[in-house]
Amino acid sequence: MPIGGGTPNRAQFDTWRKALPQPLATIGHFAVKNDKLRIAIPLPASVRTGEPYLFPITDNVVDYEAPQSFRRSGDWMIADLRATGPPKQFAAVLALGDGRGLEFRAVPGAVPEGGTPLGGLGWKAVLWAVLGAFAGGILLNLMPCVFPILALKALHLSRVGGEAAHARSDALAYAAGAIVGTGALGGVLLAIRAAGSEAGWAFQLQDPRTIMLLLLLAVAITANLLGLFELPVLGGRAQPAGSFGTGALAAFVATPCAGPFLGAALGTALLLPPAGSVAVFGALGLGLALPFLLVAFVPALRKRLPKPGPWMRRLQRFLAIPMAASAFAALWLLDRQAGDRVFLIGAALSLGLLFAAFEAGRLQRRNKPGAWGSAIAGLVLVAAGIAVVPRHSATTQVVAGAEKWSEEHVASAVQRGKPVFVYFTADWCLTCKVNQAAAIDRGEVREAFKKADVTVLAGDWTNGDPAITRFLESRGRAGVPLYLWYAPGKTPEELPQVLTPTMLIARAQAVKR
């Protein structure tokens with residue numbers, strides 16, 4: 001807000017400008033559309049703002065009485081003001097709302113469209129982001145690495161008879177673990193970005209050491225589901241501490257997925273004030289825990305739990321299948337990120353962990369001491385695996401069947417009047433891989449794209465890429481997938497996060513006509 005409140009006058013502006021110890025200077029762009037003066041001011045996305053306000057230096061250009069609106073589009077702050085006349089140039093000071101300011105001048109040029117509203121619309125952005133994160137968290141329970149954990153918790157309720165007091169305390173502890181888990185990941189992400197690094201959601205999966213940890217966790221949970229041993233957190237008597245750990249574990253293994261609702265919600269979270277960001281990440285954890293909370297707190301659902309019996313052991317064995325698939329996926333990803341050597345290390349450590357689990361289970365079943373020794377051996381294997389894996393991959397993967405994405409490549413194709421399909425993906429993104437197999441990498445789609453002379457560009461975010469991160473942020477996204485369709489002479493269209501072949505073929509055929 002302007003100093004003193006109300007509409008700023010020249011005296012207030014001069015006082016405020018002199019109070020700046022060393023105002024930063026930069027060059028932006030402006031464009032006039034109808035009666036709107038739109039100004040794009042370069043400002044890194046990692047710089048947080050309060051409620052911004054713009055003080056024009058150039059006179060007789062804008063209506064001082066009119067309200068101002070601001071939005072974020074990646075590394076640009078966009079200001080919309082009511083114009084009184086088309087300026088040849090424009091200069092102003094942007095108050096960031098926290099005592100800092102930015103003095104700039106702008107020249108005619110392109111102003112980005114879209115973005116996340118700031119200032120007075122912030123509460124709406126928080127509300128939609130919280131709702132989106134909550135809905136996205138619910139859907140994460142269907143992922144193959146999360147669903148077995150949720151099913152195991154339901155089995156435990158059935159095993160103990162579904163007593164109300166026990167069920168509620170267990171569910172609350174599980175929910176607390178999920179909320180703290182997603183909140184901790186979000187907090188680390190915000191801290192990394194505040195330090196000036198380019199990072200988005202699931203940033204930790206761009207580090208092969210995290211993939212090794214996920215691999216060994218999936219192997220241990222698979223061994224537990226197969227009955228090789230009893231993992232206290234998952235297979236033992238449910239206690240609040242164990243349920244809290246299970247919720248945190250579910251939050252951690254769910255991070256490779258950013259399906260429907262999550263992309264835009266988490267992208268908004270990165271641009272909100274800290275309190276809003278925390279609310280969004282907390283809502284993600286709450287959505288993740290909601291199914292178990294419903295079973296625990298709704299008596300009708302709890303009574304529908306089947307009685308214990310041999311079927312529980314059979315179901316537990318069945319749940320080992322998706323968890324084992326998650327382990328194989330992590331092993332494949334290690335090969336993609338870090339090469340054959342790390343792949344072989346991961347395979348060897350997985351076999352060693354299975355042997356340690358089998359030995360621990362053998363001692364558990366005989367009620368003999370020493371099971372903790374096998375558990376310690378397993379932890380040593382996990383620590384060794386993380387220690388020997390390099391921090392970053394030395395190679396960059398090229399997505400098959402597509403050219404490498406860059407903004408320059410897109411601009412060149414669009415300038416030549418060619419339709420362009422852009423998709424951003426990562427090897428650890430399950431939604432990306434499903435869309436690629438089910439819709440993008442299909443014979444009928446490739447044929448339609450070939451007939452319409454569509455340029456297909458792919459941005460691989462598997463190992464991280466600052467240029468891709470900045471572009472995702474400019475579209476209000478915190479992670480992948482993201483799909484864009486550039487039709488000749490039209491503004492880019494953002495496609496849904498769940499693609500179908502029909503959707504892509506229809507756009508290619510429309511270009512032909």
Side-chain angles (χ1 to χ4, degrees), residues 143-146 149 180-223 231 233 245 248-258 323-354 356-357 375-397 425-430 432-433 460-466 468-469 478-480:
M143 299 302 170
C145 50
V146 180
I149 297 175
V180 170
T182 54
L185 287 171
V188 172
L189 173 57
L190 295 176
I192 292 174
R193 291 171 60 83
S197 298
E198 302 287 350
W201 182 247
F203 64 96
Q204 71 276 18
L205 299 176
Q206 296 166 353
D207 188 330
R209 296 174 300 179
T210 304
I211 303 303
M212 178 66 80
L213 176 58
L214 280 172
L215 164 65
L216 299 179
L217 277 174
V219 169
I221 296 173
T222 301
L231 186 65
V233 171
L249 175 65
F252 179 68
V253 300
T255 52
C257 308
M323 188 56 69
S326 299
F328 279 110
L331 192 59
W332 170 80
L333 184 55
L334 271 181
D335 183 45
R336 292 275 293 176
Q337 282 190 321
D340 295 341
R341 174 177 169 271
V342 176
F343 171 85
L344 293 175
I345 292 173
L349 290 174
S350 297
L351 292 175
L353 190 59
L354 284 173
I376 293 173
L379 291 175
V380 170
L381 286 173
V382 172
I386 296 173
V388 299
V389 175
R391 181 177 180 182
H392 294 295
S393 170
T395 60
T396 300
Q397 302 292 340
T425 183
D427 286 342
W428 38 259
C429 171
L430 179 61
C432 303
K433 290 303 177 184
D460 185 8
W461 206 44
T462 301
N463 297 321
D465 186 321
I468 292 178
T469 303
V480 291

Heavy-atom closest contact ([X] atom, [Y] atom, distance):
| X | Y | value |
| --- | --- | --- |
| I149 | A250 | CD1-CA, 4.2 Å |
| I211 | Q337 | CG1-OE1, 3.1 Å |
| K433 | D427 | NZ-OD1, 3.0 Å |
| V389 | P208 | CG1-CB, 3.4 Å |
| A357 | A223 | CB-CB, 4.0 Å |
| V480 | A426 | CG2-CB, 4.0 Å |

Practice task
Go through L249 and I221 one step at a time and tell me if the side-chain contact (heavy atoms from CB on, under 4.5 Å) criterion holds.
Solution key: CA-CA 11 Å; L249 175 65; I221 296 173; 3.7 Å; yes
Fill in the blank from the handout: By side chain to side chain contact (heavy atoms under 4.5 Å, CB included), A356 pairs with (sequence neighbours left out) none
Practice task
Check side chain to side chain contact (heavy atoms under 4.5 Å, CB included) between L185 and all other residues, then give those that pass, not counting sequence neighbours.
Solution key: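 Scan of L185 (side chain to side chain contact (heavy atoms under 4.5 Å, CB included), adjacent residues dropped) gives W201, Q204, T255.
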Practice task
Apply the test side-chain contact (heavy atoms from CB on, under 4.5 Å) to residues D465 and D460: give CA-CA distance (whole Å), side-chain angles for both, the deciding distance (0.1 Å), then the verdict.
Solution key: CA-CA 8 Å; D465 186 321; D460 185 8; over 6 Å; no
Handout entry: Evaluation steps, side-chain contact (heavy atoms from CB on, under 4.5 Å), between L214 and W428
Key = CA-CA 11 Å; L214 280 172; W428 38 259; over 6 Å; no
Sequence neighbours left out, cut at 3.5 Å: what donor-acceptor pairs do the side chains of residues 341-353 make with other protein atoms?
unit_1: S350; atom_1: OG; unit_2: G346; atom_2: O; d: 2.8

Exercise for the section: Start with the C-alpha gap between F328 and T222, add the side-chain angles, then the distance that decides, and say whether side-chain contact (heavy atoms from CB on, under 4.5 Å) holds. Expected result: CA-CA 11 Å; F328 279 110; T222 301; over 6 Å; no
Completion exercise
When rounded to the nearest 0.5 Å, the distance separating CZ of R209 from CG of L334 is 12.5 Å
